[in-house]
Amino acid sequence: MEKYATLRVEERPESILLAILDRPEVANAFNTQTALDLDGLFRRIGSERRYRCVVLTGAGDRAFCAGADLKERHSLAESEWHAQHEIFERMFLSVRECPLPVIAAVNGAAYAGGLELMLMCDFSYASRTARFALTEVSLGIMPGGGGTQTLPRVVGESRAKEIILGARPFSAEEALAWGVVNKLCEPGKLLEETLETARRIASNAPLSVAQARRAIRDGLQTDLMSGMRLEIEAYNQLIGTEDRKEGIRAFNEKRKPKFQGR
């Protein structure tokens, strides 16, 4: 397993990869190295076939991720700020474009770029003690990691404007009610409950999971009938696979299928 300066990466049973933002002394805020580490990790796993699901969390119980490390940014010249932000952009997009399902386990504060990073994942579970905010306008900037695009698609335009324009923090209970997270967990049970869902996903046919995920994502960017055509296109690509044959064979033989991703 490759080593990273700001991440801990663990292989878990059943082809699960656990990625941990490992800067607890700064609430897991990401600096330039973190962005390079995350971008490198997600590009690497996207080109391999070793894993079936990724769980992303933060070290400790204080924060998932507090966003960009403002102490590092304090000394940056304007040109350096632009250059760093391009690295941040690649990091966000590499998570978003990962071909594997990515679940965030939000173990504490998810502020600014930390919330944007979470919103790049497929879905999230959160600790009941988690807090959320996009605070950038209070610092003279604005969300630059997709927040003005991803949050309105989850909570709606009006609520997103209230949160972003007011730099308004919100609670775990509000996040659940608004669909920002799928489930709230007791702090000591968050990671295991998230991993259990990851194992459930990983137990299914990986090509089927990938095609269904693509149909949902791409279909939501278009009208219903175009989305239906995308779904049928994705469905048809599975008919000739070995996994489709194995799934039907296992069902008729009353046993658990052994999917190979072929």
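Positions are given from 1, in the same order as the sequence printed here.
Ion pairing between E233 and R229 fails under the 4.0 Å rule for side-chain N and carboxylate O. Between R159 and E174, no side-chain nitrogen of the basic residue sits less than 4.0 Å from a carboxylate oxygen of the acidic one, so the salt-bridge criterion is not met. The pair E192-R199 meets the salt-bridge criterion, with a side-chain N (NZ, NE, NH1 or NH2) lying under 4.0 Å from an Asp/Glu carboxylate O.
Between the CZ atom of R43 and the CZ atom of R90 there is a distance of 7.0 Å, given to the nearest 0.5 Å. To the nearest 0.5 Å, atom CG of residue L17 and atom CD of residue E10 are 9.0 Å apart. Distance check: R12 CZ to L18 CG gives 5.0 Å after rounding to the nearest 0.5 Å. To the nearest 0.5 Å, atom OG of residue S15 and atom CZ of residue R49 are 11.5 Å apart. Between the CE atom in M120 and the CG atom in L56 there is a gap of 12.5 Å [rounded to 0.5 Å]. Separating the CZ atom in F88 from the CZ atom in R73 is a distance of 5.0 Å, to the nearest 0.5 Å.
For E136 (side chain) and I141 (main-chain N/O), no donor-acceptor pair under 3.5 Å exists by modelled atom type. The backbone N or O of D223 lies less than 3.5 Å from no partner atom in the side chain of S226, so there is not a single donor-acceptor pair. Looking only at distances, no side-chain donor or acceptor of R128 sits under 3.5 Å from a matching main-chain atom of A172. Under a 3.5 Å cut-off, the side chain of R153 and the backbone N or O of Q149 do form a donor-acceptor pair.
In this structure, the side chains of I103 and C53 come closer than 4.5 Å at one or more pairs of heavy atoms. A 4.5 Å side-chain heavy-atom check between C65 and L21 finds at least one atom pair inside the cut-off. The closest side-chain heavy-atom distance from V9 to L41 is below 4.5 Å. Annotation: side chain of E11 is in contact with side chain of Y51 (closest heavy-atom distance under 4.5 Å). Side-chain atoms of S127 and D61, non-hydrogen and from C-beta on, never get closer than 4.5 Å to each other. Inter-residue side-chain proximity for V209 and R52 is flagged as unmet; no heavy-atom pair is nearer than 4.5 Å.
For the 3.5 Å distance criterion, the side chains of H85 and E89 qualify, holding a donor opposite an acceptor. A donor-acceptor pair shorter than 3.5 Å cannot be found between the side chains of Q260 and E242. Using modelled atom types, one finds no donor on one side chain facing an acceptor on the other under 3.5 Å when comparing Y4 with Q33.
Considering all non-hydrogen atoms of both residues, F170 and A175 come closest at CE1-CB, 3.9 Å. Minimum heavy-atom separation, P206 to F259: CD-CB, 3.9 Å. In plain terms, the two heavy atoms of P101 and I201 that are nearest each other are CG-CG2, 4.0 Å. Counting all heavy atoms, side chain and backbone alike, P169 lies closest to R131 at CB-NH2, 3.5 Å. Between A202 and I16, the closest heavy-atom pair is CB-CD1, 3.6 Å. Heavy-atom minimum distance, P257 versus G247: CB-CA, 4.3 Å.
Partner of E246 under the salt bridge (Lys or Arg N to Asp or Glu O under 4.0 Å) criterion, out of R262, R255, K258: R255 alone. Of the listed residues (R217, R96, R214), just one forms a salt bridge (Lys or Arg N to Asp or Glu O under 4.0 Å) with D122, and that residue is R217. Checking each of D37, T32, N28 against T6 for a side chain to side chain contact (heavy atoms under 4.5 Å, CB included) leaves exactly one that passes, namely D37. The only option from T135, V106, L134, I163 that meets the side chain to side chain contact (heavy atoms under 4.5 Å, CB included) definition with L115 turns out to be L134. Applying the side chain to side chain donor-acceptor pair (under 3.5 Å) test between Y125 and each of N182, T197, N107 identifies T197 as the sole match.
L100 and L117 end up in the same hydrophobic cluster when Ile, Leu, Val, Met, Phe, Trp and Tyr side chains are linked at under 4.5 Å. Neither Y111 nor L119 shares a network with the other; the hydrophobic side chains, linked directly or stepwise wherever heavy atoms of I, L, V, M, F, W or Y lie under 4.5 Å apart, form separate groups for each. Hydrophobic clustering of Ile, Leu, Val, Met, Phe, Trp and Tyr side chains at less than 4.5 Å, counting indirect connections, unites V154 with V181. Connection of F64 to W178 is established within a shared hydrophobic cluster, with ILVMFWY side chains joined at heavy-atom distances below 4.5 Å, either directly or through further cluster members. Under the 4.5 Å side-chain heavy-atom criterion for grouping Ile, Leu, Val, Met, Phe, Trp and Tyr, L38 is not connected to L93 through any hydrophobic cluster.
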Apply side chain to side chain contact (heavy atoms under 4.5 Å, CB included) to residues V180 and M118 and explain how you reach the verdict. CA-CA 9 Å; V180 178; M118 186 201 90; 3.4 Å; yes
Under the criterion side chain to side chain contact (heavy atoms under 4.5 Å, CB included), I'd like the reasoning laid out for L195 against V55: C-alpha separation, chi angles, the key distance, then a yes or no. CA-CA 7 Å; L195 287 169; V55 172; 4.0 Å; yes
Could you go step by step and tell me if C121 and V95 meet the side chain to side chain contact (heavy atoms under 4.5 Å, CB included) rule? CA-CA 7 Å; C121 300; V95 175; 4.3 Å; yes
Verdict with supporting geometry, E157 and K161, salt bridge (charged side-chain N to carboxylate O under 4.0 Å, His left out): CA-CA 6 Å; E157 178 183 352; K161 286 177 178 177; 2.6 Å; yes
Evaluate the side chain to side chain contact (heavy atoms under 4.5 Å, CB included) criterion for residues N236 and I239: first the C-alpha distance (whole Å), next the side-chain angles of each, then the deciding distance (0.1 Å), finally the verdict. CA-CA 5 Å; N236 285 338; I239 294 175; 3.6 Å; yes
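The number of heavy atoms from other shown groups lying within 6.0 Å of CD (E48) is above 12.
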